[in-house]
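Some notes on the structure that comes next.
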Number of protein chains: 2
Amino acid sequence: MGIREPLGELGCGLSHALEVMGERWSFLILRAAFNGLCHFEEFSQELGIARNILSNRLAKMVEHGVLERTPCESDRRKVEYRLTEKGLGLLPAMLALRQWGEKHADVCNPNLVLVDCRDGEPVQTIGIQAHDGRALGWHELGWQTPDKIGTPVERHDGYHTKENA
Amino acid sequence: MGIREPLGELGCGLSHALEVMGERWSFLILRAAFNGLCHFEEFSQELGIARNILSNRLAKMVEHGVLERTPCESDRRKVEYRLTEKGLGLLPAMLALRQWGEKHADVCNPNLVLVDCRDGEPVQTIGIQAHDGRALGWHELGWQTPDKIGTPVERHDGYHTKENA
DNA sequence: AATAAGGGTTGCTAATCGAAACTTAGACTT
DNA sequence: AAGTCTAAGTTTCGATTAGCAACCCTTATT
């Protein structure tokens with residue numbers, strides 16, 4: 001077995017991502033934001049989320065720079081929550097999660113498909129690619145220290161390779 | 001504004017994915033599993049998670065087919081939790097999340113990098129691609145009904161296009 | 001038989017969620 | 001200017017859930 005991640009500190013990017021987006025409604029709020037919703041009432045009605053939780057989540061997402069909160073110019077009662085660049089950067093993660101869910105859900109409504117708007121063709125299923133664009137599966141991946149990048153790695157564990165009893 | 005997803009029912013794959021993986025420790029358990037951990041005590045010690053919660057999460061992930069629970073042959077006290085194909089399918093989502101977290105975390109320890117083990121080169125940052133492989137940003141995407149696939153879409157909202165006050 | 005290890009379950013407390021009522025500030029009407 | 005309405009939250013309080021510690025059951029090991 002090759003190199004293994006240090007899980008102890010939990011200190012990889014995943015922990016940070018989960019800290020920001022790991023709570024119950026965060027991803028659904030994000031999805032709503034990607035669909036153009038930006039007012040408190042819109043989120044509240046579309047998601048059916050409790051108002052205090054919504055308030056809490058929006059505040060946290062603003063605090064972490066995923067959303068930007070700006071009082072509305074035209075009507076000062078209203079507030080706009082809009083995705084920042086950081087928030088927009090979550091699209092691949094959300095889509096990957098969504099594609100996984102669609103693939104494995106019992107009931108699924110593929111009544112809308114995400115497409116390239118230039119030609120209307122569906123986007124690809126999100127996957128992991130090597131630097132040259134080859135699609136990579138888990139058994140073709142390994143962990144490497146930054147100083148040894150560029151040197152091949154033997155497989156780091158025995159997943160799906162029966163040869164190690 | 002073009003087509004918008006029906007958010008009401010929450011019935012997209014994202015809901016299903018979150019139902020399976022949306023709880024507090026699920027993704028960290030998944031990460032540990034990807035790192036080769038497969039015993040209860042290993043998860044418990046590495047993650048520092050409470051035993052009842054761990055038990056609960058593992059059971060749920062097994063129930064949803066992300067992990068497979070098999071009593072160990074050699075030592076009947078032990079149980080092995082291993083990723084199924086469905087579980088392995090979460091890797092792109094997890095990596096996308098992780099890459100996002102690494103990009104935006106204040107403190108970050110890039111002491112290990114995920115590489116293609118054939119040549120030791122880092123994998124690409126996960127992104128969304130058109131059918132021909134072009135990288136796509138949010139403003140180049142749109143929702144389309146299955147019957148109209150192949151016909152271009154006008155942009156569905158005004159994110160980052162100042163032209164719609 | 002005695003001891004220990006692996007994989008849980010049970011009780012109990014602290015934190016979090018959720019529904020509904022309440023508050024505050026800004027528009028809109030008359 | 002008073003009254004009403006709307007948007008965006010807070011507060012309150014009962015219902016869940018997380019987390020800790022201790023206990024239990026089965027299977028090795030000595």
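Values below: all heavy atoms of this structure, side chains included; hydrogens, waters and symmetry mates excluded. Lettering of chains follows the sequences in order, A, B, ..., and the numbering in each one begins at 1.
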Problem - For atom CD of Glu46(B) and atom C1' of dG6(C), their distance in whole Å - result: 16 Å
Fill in the blank from the handout: Atom CG of Leu47(A) and atom P of dA8(D) are separated, to the nearest Å, by 14 Å
Practice task
Look at the side-chain N and O atoms of Tyr81(B) and state whether any lies under 4.0 Å from the OP1 or OP2 oxygen of dG6(C).
Solution key: no
Handout entry: Contact nearer the 5' end of DNA chain C, comparing Ile49(A) with Asp75(A)
Key = Ile49(A)
Exercise for the section: May I ask you to evaluate whether Trp25(A) reaches the phosphate of dC17(C), defined as a side-chain N or O under 4.0 Å from OP1 or OP2? Expected result: no
Problem - Nucleotide dG9(D), atom P - distance to NZ of Lys78(A) in whole Å - result: 14 Å
Exercise for the section: For dG7(C), take OP1 and OP2 only and decide whether either is under 4.0 Å from a side-chain N or O of Ser55(B). Expected result: no
Problem - N or O in side chain of His39(B) less than 4.0 angstrom from dG6(C) OP1/OP2 - result: no
Completion exercise
When every non-hydrogen atom of Trp138(A) is compared with those of Leu91(B), the smallest separation belongs to CE3-CD2, 3.3 Å
Exercise for the section: Counting heavy atoms from C-beta on, name the nucleotide in dA8(D), dG7(C), dT27(D) closest to the side chain of Val79(B). Expected result: dG7(C)
Fill in the blank from the handout: Considering only heavy side-chain atoms of Phe40(A), the closest of dG9(D), dA28(D), dA18(D) is dG9(D)
Practice task
Using only side-chain N and O atoms of Arg69(B), determine if any of them is under 4.0 Å from OP1 or OP2 of dG8(C).
Solution key: yes
Practice task
Starting from P on dT10(D), measure out to CG on Leu54(A) and report it in whole angstrom.
Solution key: 11 Å
Exercise for the section: Please report the shortest heavy-atom distance between Pro122(A) and Val113(A), naming the atom on each side. Expected result: CB-CG1, 3.9 Å
Problem - Audit row: Glu80(A), Arg69(A), salt bridge (Lys or Arg N to Asp or Glu O under 4.0 Å) steps and yes/no - result: CA-CA 6 Å; Glu80(A) 289 193 345; Arg69(A) 194 198 117 114; over 6 Å; no
Practice task
Check if the side chain of Arg77(B) and the base of dG7(C) share a donor-acceptor pair of N or O atoms closer than 3.5 Å.
Solution key: no
Practice task
Could you tell me whether Glu140(B) and Arg118(A) make a salt bridge, using a distance below 4.0 angstrom between a side-chain N and a carboxylate O?
Solution key: yes
Completion exercise
Closest to the side chain of Asn52(A), out of dT11(D), dT16(C), dA8(D), is dT11(D)
Handout entry: Arg57(A) side chain near dC17(C) phosphate (N/O to OP1/OP2, under 4.0 Å)
Key = yes
Problem - Ion pair Glu41(B)/Arg51(B), N-O distance below 4.0 Å - result: yes
Problem - Geometric class of the Trp100(B)/His16(A) ring pair [parallel <30°, tilted 30-60°, perpendicular >60°] - result: parallel
Practice task
Figure out the CZ/P separation between Arg76(A) and dC28(C), and round it to whole Å.
Solution key: 12 Å
Exercise for the section: Round to a whole Å and report the spacing from CD of Gln45(A) to P of dT6(D). Expected result: 11 Å
Problem - Euclidean distance, atom CZ of residue Phe43(A) to atom P of dG9(D) [Å, nearest integer] - result: 11 Å
Exercise for the section: With heavy atoms under 4.0 Å as the rule, sort Asn56(B) into base, sugar-phosphate or nothing. Expected result: nothing
Problem - Base dG7(C) paired with Arg51(B) side chain (donor-acceptor, <3.5 Å) - result: yes
Problem - Atom-pair distance (CG on Leu58(B); C1' on dG6(C)), nearest Å - result: 13 Å
Handout entry: Along DNA chain C (nearest heavy atom to each residue), the more 5'-positioned of Glu80(B) and Glu23(A)
Key = Glu80(B)
